[in-house]
Every structure is written in structure tokens, then in C-alpha cells.
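Data first, discussion second: the structure below is written as C-alpha cells.
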There are 2 protein chains.
Amino acid sequence: MGVTLQKANTGQNPIAGQHPKTGRFLMSRLRHAMTVGEQDLLESLIYKTQTLQGEHILIERGDFCDFSTMLIEGYMLRTIRDGDDEQIVGLQVPGDFVDMHAFALKRLDHDLVVIGEANVGYVRHEDLKRVLQDQPHLARLFWFSTLLDASIHREWIMKSNQLRAAGRVAHLLTEIWYRLRMVGLGNSKGFDTPLTQIHLANICGMSTIHMSRSLRDLREGGAAEFNRGRITILDGDKLIALGKFDPAYLYGEGGLEVGDALNIDASESLPLS
Amino acid sequence: MGVTLQKANTGQNPIAGQHPKTGRFLMSRLRHAMTVGEQDLLESLIYKTQTLQGEHILIERGDFCDFSTMLIEGYMLRTIRDGDDEQIVGLQVPGDFVDMHAFALKRLDHDLVVIGEANVGYVRHEDLKRVLQDQPHLARLFWFSTLLDASIHREWIMKSNQLRAAGRVAHLLTEIWYRLRMVGLGNSKGFDTPLTQIHLANICGMSTIHMSRSLRDLREGGAAEFNRGRITILDGDKLIALGKFDPAYLYGEGGLEVGDALNIDASESLPLS
DNA sequence: AGGGTGACCCAACATAAGTTATGGCAAACT
DNA sequence: AGTTTGCCATAACTTATGTTGGGTCACCCT
């Protein structure tokens, strides 16, 4: 896992990562909660983008950061190393801020790892700081993005304790599927991913052999199919049932809503989906 | 789990929960990062305290909150219900803000449950909002407190995947021990807790029978002992080794430090412990 | 005093998951 | 063309953990 950052796209115009459907540079998870002006502002803060390849650490535990990173295309992992083994403790998909933490913490407690091909954008903390002070609504959204990560962590903890192997895998696949679809990626048939069975096994806390067994169960049960870089959803309802998946924890539209604490208006509150 | 909140201490002066050692009302986890003025300000925001008893839900998933809660004495659990079973996904000790999330989110994605006897203080969101705008340093600390919860979630995920039953229990006990000592509770011999083996089993994702087995292993191995409401540390080093415990993720003094992103000064950065 | 209850302990057994070992297959390399 | 490598599949075996079904004990209630 070498750490070699190649500069890319600097000085170029337009920069990479523009979304094919929306024409927007950011296909942000938070877009529906932002005004167009805020979207423009946020995009303007990105001073550099990079296309990264392969499996390597982008930001290492303990690094001091004066910038934050947004994942524009591809996947990234949060990992914690402890002695020999490396545990995946989080997964990021396009549109996620991957290290907004680094803005409120001096240092990160975990690594951020690139897998497959990814495109990332960087925002300087000094610029973020200014926006945070001037735009309380955006500030709250940034905070929200870190709370969303925590909510996902909690769900992983719950599902890991509640379900057996095949159920855990079903839940994970469903989560990724949902999260991708929330930012306009994948479709009802499935999605592409650079995740290998080794990654999936690590995330689900089981051996690769058992992951293979569990994927076979899902395949033979007619729920989902895994093939090198491609997840095919055979029966979405079946998969959701196996993983007892309830998307409320992802705070999508219609579910638990983003708060408005910095500008409270109780009349805005929505019922639970 | 009935939800019956009895009003307590309203209108009284002084309010309950004053720390016996420091004389401070808050034995906050974040105290060492606050000025005396900030501590005073924070204390002044608490408009009500309550002493709560038994096992019941204090704040329920989906509740709309216009206040946030600080745990002054006792323990609280974060739980997620899914059908019949209830999973504990977090544990709070005195000095923790338990629902700073509710400030940035409209609604919480999980329940907050009181166990044993607990004393809590409430802060109005309108007051918090004012402080957030005027005092960027305190704002950062509040954000930090939610990031700390997330860091603990990640460690739980990692340890749950990395360790077998006895190791997971050892890690959990060590974590609680450390967190209590960080706010001046417990001592080198052990600590008191209302947690039962049922709670511990739930947190560690195993059956109560297996928790009983694991605790027996720890006892016979001379690491730690569990007795109704009391954890006795027989050999701290042994316990730490069994759980591969590394306190860095708790962001204590000397470890990964709280950032200063709202007022960056790179010269302040400290080496990792 | 008697009965109930909740927390805890233990043994025997069933099942889930880890480990070891082997092999297939496709892509990359020489 | 042959070799290597990474990813995936499977079987046989071992180990960890869950389940069932018993207990003890302290506490509370009547």
C-alpha cells in the first residue's frame, strides 16, 4: 500500500468528475438539502481534483490535515490497523465527505483507503472555516454528514450483532445498493463495485471462505449474485428481508430528516416514513 | 420500559449533580479543553436537571427535540429496536452529551435509555444556537463530542470483528474503566455499574450464557471479575492485552488531539502518543 | 413464612463459523 | 506458450458460540 499521490487536473478547466446526468460537478448526498447557491459555493471551494488508482492509503491515521476531501467517483474505505490485521470500519460512496472529521479533530483516528479507481476533490480548511462562519445552514450540513456516518456505524453494530452471516451480507449489499441509488448510481438490477470478497468478508467480520459460502446461499436463494466487480440483485425484496433492511438510518428523503437546529421551525418537522 | 418522566429539581437552587471532588456541576469529558469561562457558560445553559431511575426510554427514536441532554451521573444506553429485539449500539458515561445529534438532526435514529440511577441536565437548543454562533471554540467542542461517539462506534466495529468473545468483553470492560477514570470516577481497583450480564451480552453481541462463560474465563484468568453492579480489575495489564485495548480512539490527553480547525494554528499540533 | 422474580451459573448438546487444504479460472506477465 | 498471481469455490475438519434445560441465590411482595 504505497502512498503516491499524483497531481491531476490542476490548472485544468473544466475539472474532472462532472456528473453525466445532472451536469453537476458534485453528485452530493446532501444536494437535495442545499440551495443552488450553496451547491455553487461548495463546488467553488474545491481547489483540486485527483484521479486515484488501486489500493492505497490516501489519508493516514494521525496525519495533520489542512484540507478535507470529497469523494466524487468511486469507493473509499475507512480502516483501522491494529498490529497485523486491518479492519474496515466504514465505506464511502460518491457524494460523501470522507474526512470532514479532520476539520473538527486535529487528527483522524483511522485511515482512508482508496480501492479501484476513484476521483476526489479537495477543500481547504481555511475556506471551509469561512463558510462555516458565514453560512450556518451549510455548517449544519457538514455536521450532519459526520452524524450520518455515525448512524451508519450504529446500524453496522446492530446488524453485526443481530444477524447471522448471510443476513449480514444481505444487509451490506442492500445498504450499498441504496446509497448508490441515492446519488443516482446503479439501477434496479444491481451495481458495479471494486469490492472483492476479501473486502466484503472483512466488513462483515467473517472469513473469506464463509463469505463465499454466504454469497452462495444468497445466489442459490435467488436474492443476489456476486461476480467480480458486479452485484446483481436477483430479488430486491428477498434481499431486504434477509438483511432486515430499513433505510431510515440513512436519513433519506421522507425518512428521519436533517434538522434545522440553527434556524428552528417546528412546523417543518415531518412524520416518520 | 414505560416512559414516565418525573420532574425533579426544577426551581430548586442549587441544582443536583454537583461533583463531590471538583465542586463543579459538570464533570465533563471536555472540561480539559474548555476555559473556566466556557465551563461557567455551559453550566449556566442548563435550565433543568432530573434524577431518573430504572430502565426506561428517555428519548425515543423519532422524537422531535428542542433541547439537548447531558449525562451528569449514571449510565445511559443508545439502543436500536428492530422488531422484537433491542440492540445496544452505544454507552454513555457521566460528562457525555447524549444527544447533541438532536441539535443537527431533526430526529434521532435511535433511543436513549436510562439504566440504574442517573442524573441528567437539559439545555435548550435556542440557547445552544446562540452559543454556537458566538463561540466557535465551544461549537467545535460540541461537534467533537459527536465525533468522539463515532470514533467509539468504529472501535466497537473493529473489536467485534477482530476479537473472540472473551477478548470483546475484556475490551469493553477496559473501555468503560478508562472512560470513567477520564472523568474522575472509579479507581485502579475497579468501578461500579448498573450494567447486568444481559446488557454486557447485548453490547458484545453474544448470548447471556456465553457472556457468563467469558466472564468466568476472565475471572479464572485473573484479569477481571464481575459481581452484581461491580467490576473488579484483578490485573489491568492482562485485561488490556486480552482486549488489545489502545485508548487513542478516546482522544484523551496526550493522544489524538481535538482539532482547532476554527482557529487553525499548525504549530499547536502535537505528536501522537 | 411462602411464593415469585430477576440475575447468575453450569452441563450437554446443536449449530454456525473458522481453518486447512486443494483446485479452477481469468488476467497479467515473460 | 507457459508461468505466475489474485480471486473465487469447495470439502473436511476443528473450534466457537448458541440453545435447551436445568439449577442457586438474593431480593421483594403478600
Side-chain angles (χ1 to χ4, degrees), chain A residues 1 53-56 75 84-88 115-117 159-173 192-221 224-232 242-243, chain B residues 1 53-56 75 84-88 115-117 159-173 192-221 224-232 242-243:
Chain A
M1 284 208 189
Q53 192 71 39
E55 180 145 345
H56 68 257
Y75 289 72
D84 288 337
D85 54 26
E86 189 166 16
Q87 268 295 324
I88 300 171
I115 55 170
E117 186 171 310
K159 293 300 171 184
S160 148
N161 287 356
Q162 180 192 31
L163 301 172
R164 314 263 100 231
R168 294 208 296 274
V169 180
H171 187 272
L172 176 64
L173 297 183
D192 296 318
T193 173
L195 290 163
T196 66
Q197 288 192 17
I198 299 168
H199 293 124
L200 294 175
N202 187 313
I203 292 173
C204 292
M206 66 183 77
S207 63
T208 55
I209 285 90
H210 209 61
M211 175 54 68
S212 175
R213 279 197 278 246
S214 302
L215 287 171
R216 178 183 57 191
D217 292 347
L218 294 185
R219 189 190 329 125
E220 292 178 351
E225 207 167 21
F226 176 89
N227 290 94
R228 281 229 193 181
R230 173 82 194 167
I231 303 285
T232 306
L242 283 170
Chain B
M1 285 206 188
Q53 191 72 39
E55 181 147 343
H56 68 258
Y75 291 72
D84 287 337
D85 56 26
E86 188 166 15
Q87 267 295 324
I88 301 171
I115 55 169
E117 188 171 308
K159 292 301 169 182
S160 148
N161 287 357
Q162 179 190 33
L163 300 174
R164 314 264 101 228
R168 294 208 295 275
V169 179
H171 187 272
L172 176 63
L173 297 182
D192 297 317
T193 173
L195 290 163
T196 66
Q197 289 193 15
I198 298 168
H199 293 122
L200 295 175
N202 187 311
I203 293 172
C204 292
M206 66 184 76
S207 64
T208 56
I209 283 88
H210 209 60
M211 175 54 70
S212 176
R213 278 197 278 248
S214 302
L215 288 171
R216 180 183 56 191
D217 292 346
L218 294 184
R219 192 189 327 125
E220 292 177 353
E225 208 167 22
F226 176 89
N227 289 96
R228 272 211 207 196
R230 173 82 195 166
I231 303 284
T232 306
L242 283 169

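Just so it is clear: chains get the letters A, B, ... in the order the sequence lines come, proteins before strands, and each one is counted from 1. Both backbone and side-chain heavy atoms feed into the values below; hydrogens, waters and symmetry mates do not.
Residue A/Ile198 is in sugar-phosphate contact alone, with no base atom involved, counting any heavy-atom pair closer than 4.0 Å across all strands shown. Residue A/Ser212 is in base contact, counting any heavy-atom pair closer than 4.0 Å across all strands shown. A/Arg228 comes within contact range of at least one nucleobase, with a heavy-atom separation under 4.0 Å.
With hydrogens and angles left out, the side-chain atoms of B/His171 and B/Arg168 include no donor and acceptor closer than 3.5 Å. Side-chain contact of A/His199 with A/Glu55: a donor-acceptor pair under 3.5 Å is present, judged by distance alone.
Rounded to whole angstrom, the span from the CD atom of B/Gln162 across to the C1' atom of D/dA16 amounts to 17 Å. Atom CE in B/Met211 sits roughly 14 Å away from atom C1' in D/dG18 (whole-Å rounding). Rounded to an integer number of Å, the gap from CG of B/Leu215 to P of C/dC8 is 9 Å. Spacing between atom CD of B/Glu55 and atom C1' of C/dG6 amounts to 12 Å, rounded to whole angstrom units. Here D/dC27 presents its C1' atom at 17 Å from CG of B/Asn227, a figure rounded to the nearest Å. Rounded to a whole Å, the CZ atom of A/Phe226 is 10 Å from the P atom of D/dC7. With rounding to whole Å, B/Glu220 atom CD is found 12 Å from C/dC9 atom C1'. Atom CG of B/Leu195 is separated from atom P of C/dA7 by 12 Å (rounded to the nearest Å).
Within the 3.5 Å criterion, the main-chain N or O of A/Thr208 finds no donor-acceptor partner in the side chain of A/Ser212.
Distances shown here put a side-chain N or O of B/Gln197 below 4.0 Å from the OP1 or OP2 atom of C/dC9.
Rounding to the nearest 0.5 Å gives a distance of 7.5 Å between CG of B/Leu172 and CG of B/Leu195. Considering CE of A/Met211 and CG of A/Leu218, their distance stands at 9.0 Å, rounded to 0.5 Å.
The two residues B/Ser214 and B/Val169 come nearest to each other via the heavy atoms CB-CG2, 3.9 Å. Of all non-hydrogen atoms in A/Asn202 and B/Asn161, the two that sit nearest each other are O-ND2, 3.3 Å.
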Close N/O contacts between protein and nucleotides 14-17 of chain C (under 3.5 Å):
from, atom 1, to, atom 2, distance (Å)
C/dA16, O3', A/Arg164, NH1, 3.0
C/dA17, OP1, A/Arg164, NH1, 3.1
C/dA17, OP1, A/Ala165, N, 3.0
C/dA17, OP2, A/His210, NE2, 3.3
C/dA17, O5', A/His210, NE2, 3.3

